[in-house]
Amino acid sequence: MDLYVTASPRERGFLVGTEIKGVAAEWELEDSLRELAQLAATAGIEVVGQTTQRLEAINPATYIGAGKVEELEVWRRELGFDVVIFDDELSPSQQKNLEKALEERVKIIDRTVLILDIFAQRARTREGALQVELAQYEYRLPRLTHAWTHLGQQTGGAAGRGGAGGGVGLRGPGETQLELDRQEIRRRIAHLRRELEEVRKQRGLHRERRRREGVPTVAIVGYTNAGKSTLLNTLTDAGVLAEDKLFATLDPTTRRVALPNGKEVLFTDTVGFIRKLPTTLVAAFRATLEEVTEADILVHVVDVTHRNAHEQAETVAGVLAELGADDKPVVVALNKIDLLPDRSAEGVGKALDEWRQDYPRSVAISAAHGLGIDALLAAVEDVLAEDMLPVDVVVPYRANELVALFHQWGVIEREAYAEQGTHIVGRLPRRLLHLFRAVQVS
C-alpha cells in the first residue's frame with residue numbers, strides 16, 4: 001500500500017544577526033537571536049542554524065557583508081534551509097539583492113515579517129484580522145515587485161485566520177498569488193483604515209459609557225509571554241487563551257474584578273509588546289492600544305525568571321512612552337515567583353527589593369498559582385485612593401445619578417440638601433471630576 005504525506009512540511013530557517021560597532025545594543029546579540037528563534041518556532045519554522053557578523057556599518061545593498069552573503073549559499077547547500085531570517089528590518093532593495101545573490105533558492109525575510117506572520121495566525125476577531133491585514137499591506141506595498149494576491153477574491157480577512165498556504169511571510173494577503181497592483185493595494189489600505197476608524201469610534205463610545213458609569217479601568221501590559229492572559233484568567237476566569245508562546249493572544253478582553261473594598265474595576269488584557277515591535281503594527285493596532293492610553297492604571301506584568309527581565313521591562317516602558325501612556329500610575333506585577341531558584345520568603349523578598357529600586361509599586365505574584373493576587377489588588381486599590389481629590393460641589397436634583405456615583409466611588413465627609421441641590425463635601429477620583437464640573441451649581 002502506498003503512503004501519502006498530507007501535512008505540509010515545516011519550513012527550515014536560518015537566522016542572521018548583526019552588531020554595529022560603536023552602536024549600543026539593547027540586548028546581547030545571542031539573547032536577541034534566542035528570541036528570534038522563539039519567534040520562528042511560534043511561526044512554525046524549524047531553525048537549523050544561525051550566524052552573526054560585526055559590522056563597521058550596514059551594507060546598503062545587502063545589509064551584511066559580501067563575504068557573509070557567500071557563506072549563506074554554502075550553508076544553504078549544507079543545511080537545506082528554505083528561509084533566511086534577519087533579526088533587523090531589511091529595506092526593499094536589500095531583500096531583493098539578497099534573494100538575487102542566492103539565486104532565489106530561499107526566501108529572505110526579517111523580524112518584522114515574522115511578527116506580522118504570527119499576528120496573522122493568532123488574530124481571532126474581525127478587528128484583529130483588520131489590524132493585521134492593514135499592517136501586512138503597509139509593510140508589503142514598498143516591496144511589491146510582481147504578482148501578489150487579490151485580497152478581495154480570496155482572503156476575505158484570511159489574515160486573521162492564519163491561512164496555511166504560502167508559508168511564513170505569505171499568510172493572509174498573498175496566498176493565491178493573483179495580480180494586485182499598487183493602486184489596488186492602496187485602495188484596500190484606505191478601505192481597511194476606514195473600517196478600523198469605525199472600530200475606533202465604537203471603542204470610544206464604549207469607553208465613554210464606562211467613564212459615565214464611573215468604573216475605573218486597569219490595562220494589563222507587559223512583554224509578550226510574561227503572563228498577562230494568565231493573570232486575567234486568574235482574576236476573572238475569563239477563558240482567555242494562555243499558552244507558553246509569543247503573542248498567544250492579540251485581541252483585548254475586558255472583565256470586571258472586585259477589589260478588597262468591594263468596589264469593582266475593569267481589567268483589560270492587551271497585546272504583548274516585544275523589542276523592535278514593527279511600527280506598522282503599532283499604527284494598525286491604534287484602536288486596541290487606546291485601551292492602554294485611556295486606562296486609569298497600568299498593571300505591568302514582568303516575568304522575573306527571564307534572563308532579560310530588566311531589558312524586557314525597559315522595552316515595555318519605551319513602547320508606553322511611544323504611545324503617550326508613560327504618565328500613568330503603574331503597579332508592577334513580578335510574575336512567576338514560583339519558578340525562582342530561591343522560592344523562600346527571603347528569596348522572593350530579595351528579588352522584590354531589587355525591583356523596587358526602580359519600580360516602587362511592585363508586587364510579587366504567580367498568576368498561574370494565584371499567589372500574591374490579593375496583594376496586587378490591594379496595590380491597585382491604594383493607587384485609586386491616592387488619586388482622590390478634595391471636592392466641594394452642589395449637584396442639582398435633576399442630576400441625582402451623580403450623587404449616587406459620588407456615594408459609590410467617592411468618600412463623603414459632609415452631605416446636605418440645599419434649595420439648589422445636594423451639597424457634598426468629600427473626595428472624588430480624578431477621573432470623575434469632569435462629570436461634576438458639567439452640572440455643579442457655582
Side-chain angles (χ1 to χ4, degrees), residues 3-18 29-53 62-90 92 94-122 136 139-140 143 145-149 158-159 161-177 224-225 243-248 274-276 278:
L3 296 178
Y4 297 94
V5 178
T6 57
S8 300
R10 290 181 67 188
E11 290 183 279
R12 293 164 62 84
F14 190 86
L15 311 183
V16 179
T18 59
L29 183 55
E30 285 302 313
D31 290 334
S32 188
L33 283 179
R34 188 177 292 107
E35 182 177 86
L36 187 65
Q38 281 184 283
L39 287 167
T42 301
I45 294 175
E46 177 188 359
V47 176
V48 297
Q50 67 179 49
T51 187
T52 61
Q53 186 175 31
T62 55
Y63 199 89
I64 52 177
K68 186 63 70 172
V69 175
E70 293 175 3
E71 287 181 22
L72 284 179
E73 175 59 23
V74 174
W75 284 317
R76 185 199 65 79
R77 290 195 296 267
E78 290 181 359
L79 300 174
F81 49 78
D82 314 291
V83 55
V84 177
I85 309 169
F86 281 73
D87 195 31
D88 294 287
E89 188 168 314
L90 301 172
Q94 287 167 345
Q95 184 176 351
K96 181 179 179 181
N97 290 334
L98 284 164
E99 289 174 345
K100 184 177 179 180
L102 296 175
E103 299 179 0
E104 299 187 350
R105 290 193 177 95
V106 297
K107 186 164 47 181
I108 305 294
I109 66 173
D110 55 27
R111 175 184 274 254
T112 297
V113 169
L114 205 54
I115 294 174
L116 288 172
D117 188 83
I118 294 168
F119 273 48
Q121 296 180 54
R122 296 299 172 88
Q136 286 182 312
Y139 178 82
R140 290 174 179 173
R143 292 162 172 80
T145 55
H146 49 78
W148 287 88
T149 307
R161 298 194 299 271
V168 170
L170 295 177
R171 272 181 262 266
E175 288 177 320
T176 62
Q177 295 297 289
T224 182
N225 208 30
E243 294 182 295
D244 186 19
K245 290 183 178 179
L246 305 184
F247 302 114
I274 195 170
R275 195 175 60 89
K276 302 177 184 177

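Taken from OG1 in T52 to CG in D87, the straight-line distance is 11.0 Å, to the nearest 0.5 Å. The line from CD of E46 to CG of D82 is 9.5 Å long, rounded to the nearest 0.5 Å. One finds the OG1 atom of T42 at 10.0 Å from the CD atom of E35 (value rounded to the nearest 0.5 Å). In this structure, I45 CD1 and F81 CZ are separated by 12.5 Å, a value rounded to the nearest 0.5 Å. A distance of 7.0 Å separates CG of N225 from CD of Q38, quoted to the nearest 0.5 Å. Residue L116 holds its CG atom at 7.5 Å from CZ of R140, rounded to the nearest 0.5 Å.
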Under the side chain to side chain contact (heavy atoms under 4.5 Å, CB included) criterion, do V113 and K107 qualify, and how do the steps go? CA-CA 11 Å; V113 169; K107 186 164 47 181; over 6 Å; no
With side chain to side chain contact (heavy atoms under 4.5 Å, CB included) as the criterion, how do E73 and E103 come out once you've worked through the C-alpha distance, each side chain's angles and the decisive distance to 0.1 Å? CA-CA 9 Å; E73 175 59 23; E103 299 179 0; 5.8 Å; no
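Summarising the geometry of I118 relative to A43, their closest heavy-atom pair is CG1-CB, 3.9 Å, with the distance given to 0.1 Å. The heavy-atom pair separating A120 from Q136 by the smallest distance is CB-NE2, 3.7 Å. Annotation for Q53 and G65: closest pair OE1-N, 3.1 Å, computed over non-hydrogen atoms.
Evaluation of the side chain to side chain donor-acceptor pair (under 3.5 Å) rule for E89 yields T112 as partners, not counting sequence neighbours. Partners of T51 under the side chain to side chain donor-acceptor pair (under 3.5 Å) rule, at least two apart in sequence or in another chain, are K68. Residues satisfying the side chain to side chain contact (heavy atoms under 4.5 Å, CB included) test with E78, not counting sequence neighbours, are V74, W75. Looking at residues two or more places apart in sequence or on another chain, you find no side chain to side chain donor-acceptor pair (under 3.5 Å) involving E104. Applying the side chain to side chain contact (heavy atoms under 4.5 Å, CB included) test to D88 and every residue at least two apart in sequence or in another chain returns T18, Y63, K276. Qualifying ring pair (Phe, Tyr, Trp, His ring centres under 6.0 Å) partners for F86, counting only residues two or more places apart in sequence or in other chains: none.
Taking the side chain as every heavy atom from C-beta outward, K96 and K100 never approach each other to under 4.5 Å. At a threshold of 4.5 Å between non-hydrogen side-chain atoms, the residues L102 and L72 count as touching.
Counting only distance, with no hydrogens or angles, the side chain of Q95 and the backbone of I108 share a donor-acceptor pair below 3.5 Å. Distance alone, capped at 3.5 Å, is enough to place a donor-acceptor pair between the R12 side chain and the L79 backbone.
One finds no salt bridge joining E30 and R34 here, because no Lys/Arg side-chain nitrogen approaches an Asp/Glu carboxylate oxygen to under 4.0 Å.
Residue L39 is tested with T224, I85, L114, D117 for a side-chain contact (heavy atoms from CB on, under 4.5 Å); the sole match is L114.
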